[in-house]
Protein chains: 2
Amino acid sequence: MAESTAKPPAKNSAKTSAKSRRGGRASKSGTKSPKLGMTESGKRVTSYDVARVAGVSQSAVSRCFKPGASVSKKMRDKVMTVAKELGFQPNAIARSLITRRSNMVAVIINNLTNLNYPELLVQLSRRFDERHVHVLLFTLEHESDVDKMLDQVWQYQVDGVISAARLSEEQVSFFEERGVPLVFYNRSFQDFPVSAICCNQEEGERLLVNKLHGAGHRNFAVISGPADSVVSNQRTQGALNRLKELGVTKVPVEEGDYGYDSGRIAFRHLMSKRKPPDAILCANDVMAIGCMDAARHEFGLKIPEDVSVVGFDGTSTGAWASYRLTTIDQPLEIMAEAAVNMLMERVENPELPPEKRTFSGVFLEGESAQL
Amino acid sequence: MAESTAKPPAKNSAKTSAKSRRGGRASKSGTKSPKLGMTESGKRVTSYDVARVAGVSQSAVSRCFKPGASVSKKMRDKVMTVAKELGFQPNAIARSLITRRSNMVAVIINNLTNLNYPELLVQLSRRFDERHVHVLLFTLEHESDVDKMLDQVWQYQVDGVISAARLSEEQVSFFEERGVPLVFYNRSFQDFPVSAICCNQEEGERLLVNKLHGAGHRNFAVISGPADSVVSNQRTQGALNRLKELGVTKVPVEEGDYGYDSGRIAFRHLMSKRKPPDAILCANDVMAIGCMDAARHEFGLKIPEDVSVVGFDGTSTGAWASYRLTTIDQPLEIMAEAAVNMLMERVENPELPPEKRTFSGVFLEGESAQL
DNA sequence: ATATCCACTGAATCCTAATTCAAGCAACCC
DNA sequence: GGGTTGCTTGAATTAGGATTCAGTGGATAT
């Protein structure tokens, strides 16, 4: 059984065709190659090597590694034994070339913004891994790098893309032209159809406003994220719109950058106004936390007695005992799952029309606001 | 000049060899392909397509995309014009296959532990991107998945690997056998040579102990990370060793899991002891924060008056006004830079012997400890 | 005018697994 | 037994860019 060795060099007799290239003799029985996964000549073990040693054709080896292929048990055992012996692993690169499926997806994020992107990344990766799909990571430093980055994305023949970074309509249509499925994460267009997974920022913000307004607050302020953040704008606008509906106007808006310090600074600015707010809507949790710290430590205010602060995101830090932040929890895991599903559906079936799935955030009552 | 069209189908006359495969006629001048980057037949544009339209050989096209290759300006212009016109991008997969360089590196992390891994990831990605190397992400859920994951790593022919996850010596030697450079991040072996970038956990912890001891603390406790975390063990042992040297023994150790809640729980346990500690060394910042919150909010203690708490990591959260944690700052960016450099050096020159670079943490004085 | 050199260029080949197609073979049916 | 069906198997081909090697043509040197 284990004599997978003897079998003479097969029958490629006549012409010394392309098949007879790999010089080395079949490894002498028992004399293991010095290094696992390497031929004597120091190259990676290929399916041809396995075929030669096992005395079968390369096609057979290939088939043995394809689940569901038509191979006899005897053949499969023989090949698998040799493969293990030589440390053969199919070359995913070569496979991708011929199948036109790389089993890689690109995930694009711009590090600047949202602090929970790294967490998103881990969530996505886990779920793709389960499907034997791998994440090729692209991080964006500056908006200007987008085109160069996209070139790289094309070159790597990824099967699909998840983007948590902003892309222009033109850039998006390149994806369509090239037939590469794209799913946006918390981003989409007004009148340009794209697939996207979103959290309903506006709705969540309106909910917060309702609660605060219902509790008697009339003196609002908003701390927004960076002006070029789509999510921030949605949140900020959601809040302002609802406030307006409720008859609250002249709401001061301070621009932050999603960071802790910017929350503190924004709070200081708000306090320097003629009529400081008693309810502050922050575009994310971290700024809300900065806000609270400034209120308490710089102004000696009590929260929520003196001022109510609410955030958005539902980060774990917001739940820490020092903050107990009232916020909207963005269902990160569910959204990650949905994004992966949506993308893979489109990889399998590129004809699917664009679809947008919007998840509602979950109100998370803490103790940072009087409600 | 722009009549890059006419030029008859070159001179591959006689045998209809492999070269004449691509069926389509040269695109009629001016009649742009409907989709950028696609041929009329809906396939991706290849270097052959560009060659055909430009009336040159495929070799020429290839050379034009290789910086420093011997090509005349005229040729380069002609090819580049057509390439742009057709939306051609070289196929990185095909290139990898022939060059045996994928320009991809694997980054392995296990999500469970260290909360700053996501941040590390972003740092690494940025730096690799600068070198036109791409990060293929592998996240580990359970230790048991390692082997399956490593198989995937081999299959994708990555040029190198950075691992922030624990690997067995056997697994590490596979890397060596296969000639894939491996750099550990905050992990290494006692008597098994590997390349690694580390923060000197022990030293940092000793420094903290010295400071606390010097300030008169004698009643210590340690909150460790998970038992199977190498980093946690180094930190914990570093602290205990130094304490022993200073004559402090019988130091209670509570095991946490690096999470906020585990810090709180550990603190409760410590307070239930006959003689509660007045100085607590936590294996990371997040647990230290949990500890502080428990002390303040559950036991009404003052920090640092009633109890000193120190952490390790230097996360941004530790600096928040509510905590002002005294800790050791692990130089994440410097370490990321070093890891990328070390890996790429080894990719260029696989003969380099294993090397370990150890960075000292920086003492960060907050207000969570009486020093 | 002939020789020498250099910068380019193209044909052929390589990399490695998947797939197609036809052949081989055994079991099965009537 | 001859024909048929169905399962296996191998040879040849494919994917698409890089590289080698043998030119080709022009410029300079003799």
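A note on names: the letters A, B, ... follow the listed sequences, proteins ahead of strands, and every chain is numbered from 1.
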Below 4.0 angstrom from OP1 or OP2 of [N], is there any side-chain N or O of [X]?
X: A/Ser72; N: D/dT9; value: yes
X: B/Arg100; N: C/dT16; value: yes
X: A/Thr46; N: C/dT16; value: no
X: A/Ser62; N: C/dA18; value: yes

### Message
Enumerate the salt bridge (charged side-chain N to carboxylate O under 4.0 Å, His left out) contacts for residues 86-98 of chain B, please, sequence neighbours excluded, ordered by first and then second residue.
### Response
none
Could you list the donor-acceptor pairs under 3.5 angstrom formed by side chains in residues 60-74 of chain A, with sequence neighbours left out?
| unit_1 | atom_1 | unit_2 | atom_2 | d |
| --- | --- | --- | --- | --- |
| A/Ser72 | OG | A/Met75 | N | 3.2 |
| A/Lys73 | NZ | A/Asp77 | OD2 | 2.7 |

### Task
Indicate the atoms forming the closest heavy-atom contact of A/Leu343 with A/Pro181, along with that distance.
CD1-O, 3.7 Å
### Query
How far apart are the closest heavy atoms of B/Leu182 and B/Ser163, and which atoms are they?
CD1-CB, 4.0 Å
How many whole angstroms separate atom [atom1] of [X] from atom [atom2] of [N]?
X: B/Arg101; N: D/dT19; atom1: CZ; atom2: C1'; answer: 17 Å
X: A/Ile98; N: D/dG17; atom1: CD1; atom2: C1'; answer: 14 Å
X: B/Trp154; N: C/dT16; atom1: CH2; atom2: P; answer: 17 Å
X: B/Arg95; N: D/dT19; atom1: CZ; atom2: P; answer: 9 Å
X: A/Arg44; N: C/dC15; atom1: CZ; atom2: P; answer: 14 Å
X: A/Gln89; N: C/dA18; atom1: CD; atom2: P; answer: 12 Å
X: B/Ile93; N: D/dA18; atom1: CD1; atom2: C1'; answer: 15 Å
X: A/Gln157; N: D/dG16; atom1: CD; atom2: P; answer: 8 Å

### Query
If an axis is fit to five pairs at each end of the helix from C/dA1-D/dT30 to C/dC30-D/dG1, what is the angle between the two, to the nearest 10°?
50°
### Nucleotide nearest B/Ser57 when distance is taken to its side chain, options D/dG10, C/dG10, D/dG17
C/dG10
## Note on the structure
Closest of D/dG10, D/dT19, D/dT8 to the B/Ser59 side chain is D/dT19
### Query
Does A/Arg166 have any side-chain hydrogen bond (donor to acceptor under 3.5 Å, both in side chains) partners at least two apart in sequence or in another chain, and if so, which?
none
### Any donor-acceptor pair under 3.5 Å from B/Ser102 side chain to B/Gln157 backbone
yes
### Task
Report yes or no: does B/Gln171 contribute a side-chain atom to a donor-acceptor pair with the main-chain N or O of B/Ser168 at less than 3.5 Å?
yes
### Query
Should the ring pair B/His134 and A/Phe138 be called parallel, tilted or perpendicular, given that the plane angle runs from 0 to 90° and is split at 30 and 60?
tilted
Is there a donor N/O on one and an acceptor N/O on the other, under 3.5 Å, for the side chain of [X] and the base of [N]?
X: B/Gln58; N: D/dA18; result: yes
X: A/Ser47; N: C/dA18; result: no
X: A/Thr99; N: D/dA15; result: no

### Set of side-chain contact (heavy atoms from CB on, under 4.5 Å) partners for A/Glu169, sequence neighbours left out
A/Phe189, A/Asp191, A/Phe192
### Query
Out of B/Leu124, B/Val161, B/Leu136, B/Thr139, which one pairs with B/Val107 under the side chain to side chain contact (heavy atoms under 4.5 Å, CB included) rule?
B/Leu124
### Query
Considering only heavy atoms, which members of residues 63-71 of chain A lie under 4.0 Å from some atom of DNA chain C?
A/Arg63, A/Lys66
